[in-house]
Enquirer: 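Have a look at the structure that comes next, please.
Lettering follows sequence order; numbering is per chain, from 1.
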Amino acid sequence: MATHPMHGWVPRQVTADKVTTAMDGDINPFTKKPLSATYKKILEARKKLPVYGYMEEFYRIFNETQITVMVGETGSGKTTQIPQFVAYSDLPHLKGKMIACTQPRRVAAMSVAKRVADEMDVELGKEVGYSIRFEDMTEPGTTFLKYMTDGMLLREAMNDPSLARYSTIILDEAHERTLATDILMGLLKDICKNRPDLKVIVMSATLDAQKFQRYFGTEKKLAPLLKVPGRTHPVEVFYTQEPEPDYVEAAIRTVLYIHQAEDPGDILVFLTGEEEIEDACRKIKIEADELASQDPHVGPLMCVPLYSSLPPQQQQRIFDPPPKPRRPDGPPGRKVVVSTNIAETSLTIDGIVYVVDPGFSKQKVYNPRIRVESLLVSPISKASAAQRAGRAGRTRPGKCFRLYTEKDYIKELEEQTYPEILRSNLANTVLELVKLGIHDLVRFDYCDPPAPETIMRALELLNYLAALDDDGNLTALGSMMAEFPLDPQMSKLLITSPEFECSNEILTIVSMLSVPNVFLRPPNQRKEADAAKALLSIPEGDHLTLMNIYNSYKQNEHDKNWAWNNYLSARALMQADNVRNQIQRIMERLDIDLTSRTVTGPRFYDNIRKTLVCGFFMQVAHKEGERNAYKTVKDNQAVSLHPSCGLDTNPEWVLFNEFVLTSKSFIRTVTAIKPEWLLELAGNYYDLKQFPAGETKSALQRVLNKQLGRQIQGNGESGAPDARKKKKQKTDHQAQGGYSTPPAVQGYATPPAGTARYSQHRPQAS
DNA sequence: GAGCACTGC
């Protein structure tokens with residue numbers, strides 16, 4: 001019998017020599033099966049990757065240190081090769097541990113896992129697998145190299161806080177600074193202190209590695225860095241002489257210039273959103289056709305839009321070949337892709353030689369003062385500009401036209417895009433962290449600490465939802481809420497819903513709220529689309545309409561065209577079904593009853609609407625003034641019902657799912673509610689003693705007075721008893737958490753102290 | 001009376 005290729009190897013003391021020999025052998029050291037011809041062919045290609053030449057340096061650093069930072073430009077091969085290098089060092093197949101490599105996106109986790117399984121000559125899902133939401137392609141006990149989304153690893157950490165099943169964790173694309181990667185960095189830094197056997201590699205594409213080196217290093221010493229060059233073609237960058245007042249117009253002009261004056265090669269234009277892109281495509285097409293008809297030296301041009309809400313079939317058009325010349329000897333055709341940021345990271349288009357970069361993108365911003373996330377067209381960062389330019393050099397040398405001056409580039413653009421953690425509502429993240437056992441959220445070791453006010457807002461919300469007690473400890477309810485991959489308001493609804501006998505319905509609504517907009521509205525069929533929507537609408541509220549749509553969809557599942565005929569997105573409805581199944585499984589695991597009332601009609605809807613109040617009592621608006629003028633409760637923001645809203649009247653009180661800031665402040669997905677429910681089900685938030693003066697308070701006061709008046713009339717007493725007093729008993733959801741640490745918000749303002757600030761959600765006996 | 005940049009659990 002031949003000697004095992006890894007005979008005598010000591011984990012983490014292997015050398016590049018030994019590994020290379022093993023790779024060149026005839027036996028797969030991990031499966032002991034003979035290596036195939038395909039393996040050997042792929043191996044030759046692997047050896048040409050830049051990272052392959054750095055194997056020795058990699059092992060020198062990796063064997064000696066716990067946390068390594070690695071920079072590898074596009075095309076270096078780091079994502080596929082480094083995890084394999086680690087496998088030869090960790091020998092995870094012998095120790096029963098795994099190597100994890102995280103990715104910000106699902107498709108990347110899937111496709112890289114497939115590639116690496118081929119490279120290692122194993123079947124995908126066996127030794128090499130992947131794990132993403134809705135799909136676990138791994139085999140316990142067999143899989144030792146697992147590609148996964150960063151969010152998935154964070155979820156795992158909640159049940160296994162030391163991530164004991166892993167010997168090495170690789171955070172890939174760390175420069176993207178997703179929320180999950182940022183939290184994982186903080187956790188891993190901490191876990192490493194107690195787990196000297198765990199190794200961490202932080203991989204990034206930009207040269208901002210120093211930040212990670214400092215973060216993971218000690219006061220005296222930076223974490224070690226391995227730097228590997230990329231393999232791309234040079235891209236020549238041009239700037240405008242003067243700032244461009246209208247970047248869309250300038251982008252169109254630049255495309256037409258390239259088309260007339262530059263060599264063949266496709267063009268990629270970055271714009272900010274759907275409307276802008278469709279508009280630009282139309283204009284480019286008209287002008288290019290005119291040019292071609294006037295000038296015989298100008299070839300045909302096709303213009304393709306690209307953004308995420310485009311149906312997949314139309315997205316595929318970006319891969320179509322450019323148009324053929326009009327005559328056999330005529331000028332060649334050219335393809336123009338006008339895209340959002342999706343083409344910056346998520347999608348790669350081959351054949352792009354020219355990039356037009358106006359320097360803007362839509363970015364999420366969070367304003368903790370008014371608790372609103374919104375999208376804002378903002379200047380991109382230098383890192384983002386470099387990424388865009390790089391898209392021109394994937395197949396051959398290219399050119400990038402930046403529609404701003406070089407001076408503005410140097411002076412005005414930030415180095416890096418703001419990490420997501422600084423631009424998000426953190427309610428969900430804070431609940432996850434508390435569940436992970438992190439109690440001092442302000443002092444958690446973030447790579448970039450969020451504003452204390454953002455954390456405070458999150459704690460406040462979680463406290464009002466009774467997920468955290470007044471000392472910031474996780475309650476039993478909060479612990480359950482953290483099990484759901486949902487916003488805390490939504491998990492609260494699910495857990496509360498059996499008390500109102502409508503958990504099946506709430507489960508549907510929550511699922512529909514968790515997927516992209518289901519309503520289609522083609523520009524030339526708006527009336528038809530609106531009419532179709534009206535037929536499915538329920539006048540009491542958009543939440544109920546969503547439920548009705550899902551139910552109709554399921555009833556008509558046999559009819560493939562049902563969604564299309566009703567101007568609904570079949571893709572979104574399928575996603576909702578998928579999410580619903582996942583959430584239902586979690587509810588079953590947590591023993592949350594799945595119930596429905598047998599009676600239907602308005603009374604039934606009342607229960608659903610009441611349940612909605614239990615989660616969304618902080619997202620309520622009151623009509624003030626005529627027609628469509630509302631003010632949000634407590635914050636007193638002036639808002640209007642979004643035109644997509646299906647309510648047939650303007651009710652005095654509404655609950656909303658979303659605050660959108662576009663041309664105006666709108667509230668979207670709205671359901672009518674009764675003020676009595678607010679007082680009854682969310683008494684602590686609607687404690688009028690704590691309420692800011694204003695019309696909302698007066699209106700609530702009138703309701704309260706009326707209730708009290710009725711009570712006085714009813715029992716003939718003179719003293720006015722507090723109508724809400726009898727509701728002070730805590731429900732079983734509000735059990736105490738098991739922690740006894742100091743308040744999480746030490747040193748920062750906490751929400752106004754009252755008695756226990758729980759929302760009370762016992763339905764009134766009727 | 002108008003919009004979903006992009007991800008992720």
Side-chain angles (χ1 to χ4, degrees), chain A residues 102-109 131-136 148-159 173 176-184 270-278 306-310 339-347 360-365 373-378 380 384 417 419-421 423-424 428-429 431-432 435 481-488 490-491 514-523 526-527 529-530 533 569 571-572 575 578-579 582-583 586 627-628 640-647 650 658 660-669:
Chain A
T102 68
Q103 297 294 321
R105 283 167 291 277
R106 283 188 219 156
V107 270
S131 176
I132 59 177
R133 186 182 188 180
F134 305 126
E135 200 182 356
D136 182 6
M148 62 204 300
T149 46
D150 49 7
M152 204 68 200
L153 185 61
L154 193 55
R155 279 273 138 191
E156 281 190 8
M158 288 179 21
N159 296 312
E173 314 290 0
E176 289 196 28
R177 303 295 305 275
T178 64
L179 199 43
T181 292
D182 264 30
I183 299 298
L184 283 168
F270 286 101
L271 290 179
T272 66
E274 172 176 344
E275 201 181 320
E276 211 173 79
I277 288 169
E278 293 290 357
L306 177 64
Y307 43 88
S308 77
S309 57
L310 212 57
S339 170
T340 61
N341 253 7
I342 192 170
E344 198 180 298
T345 47
S346 309
L347 269 168
F360 293 97
S361 70
K362 271 189 195 171
Q363 286 168 33
K364 185 172 73 181
V365 287
E373 275 182 347
S374 48
L375 286 172
L376 211 67
V377 174
S378 330
I380 60 170
S384 190
T417 309
E420 200 185 357
I421 195 169
R423 299 184 284 120
S424 307
N428 223 344
T429 307
L431 183 60
E432 278 167 8
K435 175 92 175 183
M481 282 165 61
E483 295 289 316
F484 291 96
L486 296 166
D487 280 344
M490 305 234 239
S491 26
S514 305
V515 299
N517 186 12
V518 295
F519 298 106
L520 299 178
R521 209 160 173 257
R526 292 197 174 156
K527 268 194 183 149
D530 290 348
K533 184 177 173 183
S569 160
R571 182 166 55 143
Q575 282 181 48
N578 229 343
V579 172
Q582 187 196 24
I583 298 174
I586 298 172
R627 292 182 46 210
N628 193 4
S640 310
L641 302 188
H642 194 271
S644 65
C645 172
L647 292 174
N650 282 91
E658 206 184 354
V660 283
L661 191 63
T662 50
S663 56
K664 236 164 99 178
S665 293
F666 291 107
I667 48 178
R668 192 158 54 190
T669 313

Enquirer: Heavy atoms under 4.0 Å, any strand shown: does A:Ile342 hit a base, just sugar-phosphate, or nothing?
Expert: sugar-phosphate

Enquirer: Send over the distance from A:Leu486 CG to B:dG8 C1', rounded to a whole Å.
Expert: 12 Å

Enquirer: In terms of side-chain heavy atoms of A:Arg106, which of B:dG8, B:dG3, B:dA5 is nearest?
Expert: B:dG8

Enquirer: Examine distances only and state if a side-chain atom of A:Lys533 and a backbone atom of A:Leu520 form a donor-acceptor pair shorter than 3.5 Å.
Expert: no

Enquirer: Nearest-nucleotide wise, let me know which of A:His642 and A:Met152 is further upstream toward the 5' end of DNA chain B.
Expert: A:His642

Enquirer: In terms of side-chain geometry, is the basic nitrogen of A:Lys364 or A:Glu420 positioned less than 4.0 Å from the acidic oxygen of its partner?
Expert: yes

Enquirer: Between B:dG8 atom P and A:Gln575 atom CD, what is the distance in whole Å?
Expert: 10 Å

Enquirer: Roughly, in whole Å, what's the span from NZ in A:Lys664 to P in B:dA2?
Expert: 7 Å

Enquirer: Looking only at the side chain of A:Arg105 (C-beta and beyond, no hydrogens), which of the listed nucleotides B:dC6, B:dA2, B:dG8 gets closest?
Expert: B:dG8

Enquirer: Assess whether a salt bridge exists between A:Arg105 and A:Glu176, defined as any Lys/Arg side-chain N lying under 4.0 Å from an Asp/Glu carboxylate O.
Expert: yes

Enquirer: For A:Thr345 and B:dT7, is the shortest distance between a side-chain N/O and OP1 or OP2 below 4.0 Å?
Expert: no

Enquirer: Without decimals, in angstroms, what is the distance between A:Glu176 CD and B:dA5 P?
Expert: 19 Å

Enquirer: Can we say A:Arg106 and A:Glu135 salt-bridge, meaning some charged N sits less than 4.0 Å from an Asp/Glu carboxylate O?
Expert: no

Enquirer: Which is true for A:Gln363 with a 4.0 Å heavy-atom rule: it touches a base, it touches only sugar-phosphate, or it touches nothing?
Expert: nothing

Enquirer: From B:dA2, B:dA5, B:dC6, pick the nucleotide closest to the side chain of A:Ser308?
Expert: B:dC6

Enquirer: Between B:dA2 atom C1' and A:Leu520 atom CG, what is the distance in whole Å?
Expert: 16 Å

Enquirer: When the distance from CD of A:Glu344 to P of B:dA5 is rounded to whole Å, what number comes out?
Expert: 15 Å

Enquirer: Classify A:Ile132 by what it touches in the nucleic acid, base, sugar-phosphate, or nothing, heavy-atom distance under 4.0 Å.
Expert: sugar-phosphate

Enquirer: Side chain of A:Arg526, heavy atoms from C-beta onward: which of B:dC9, B:dA5, B:dG3 has the nearest atom to it?
Expert: B:dG3

Enquirer: Looking at residues at least two apart in the chain, or sitting in another chain, which of them share a side chain to side chain contact (heavy atoms under 4.5 Å, CB included) with A:Ser384?
Expert: A:Glu344, A:Ile380, A:Ser381, A:Arg388, A:Thr417

Enquirer: Heavy atoms only, 4.0 Å cut-off, all strands: where does A:Thr340 land among base, sugar-phosphate and nothing?
Expert: sugar-phosphate

Enquirer: Among B:dA5, B:dG8, B:dC6, which nucleotide sits nearest the side chain of A:Ser346?
Expert: B:dC6

Enquirer: Kindly point out which of B:dG3, B:dA5, B:dG8 is positioned nearest to the side chain of A:Phe666?
Expert: B:dG3

Enquirer: Does A:Arg521 make a side-chain donor-acceptor contact with the base of B:dG3, cut-off 3.5 Å?
Expert: yes

Enquirer: Can you name the salt bridge (Lys or Arg N to Asp or Glu O under 4.0 Å) partners of A:Arg521, sequence neighbours left out?
Expert: A:Asp530

Enquirer: Provide, to the nearest angstrom, the distance between the CG atom belonging to A:Asp150 and the C1' atom belonging to B:dT7.
Expert: 9 Å

Enquirer: Heavy atoms under 4.0 Å, any strand shown: does A:Thr178 hit a base, just sugar-phosphate, or nothing?
Expert: nothing

Enquirer: What is the nucleic acid contact for A:Tyr307, judged by heavy atoms within less than 4.0 Å: base, sugar-phosphate only, or nothing?
Expert: sugar-phosphate

Enquirer: Side chain of A:Asp530, heavy atoms from C-beta onward: which of B:dC6, B:dC9, B:dA2 has the nearest atom to it?
Expert: B:dA2

Enquirer: Between B:dT7, B:dA5, B:dG8, which one does the side chain of A:Asn428 approach most closely?
Expert: B:dG8

Enquirer: Can you measure A:Glu173 atom CD to B:dC6 atom C1' for me and round it to whole angstrom units?
Expert: 14 Å

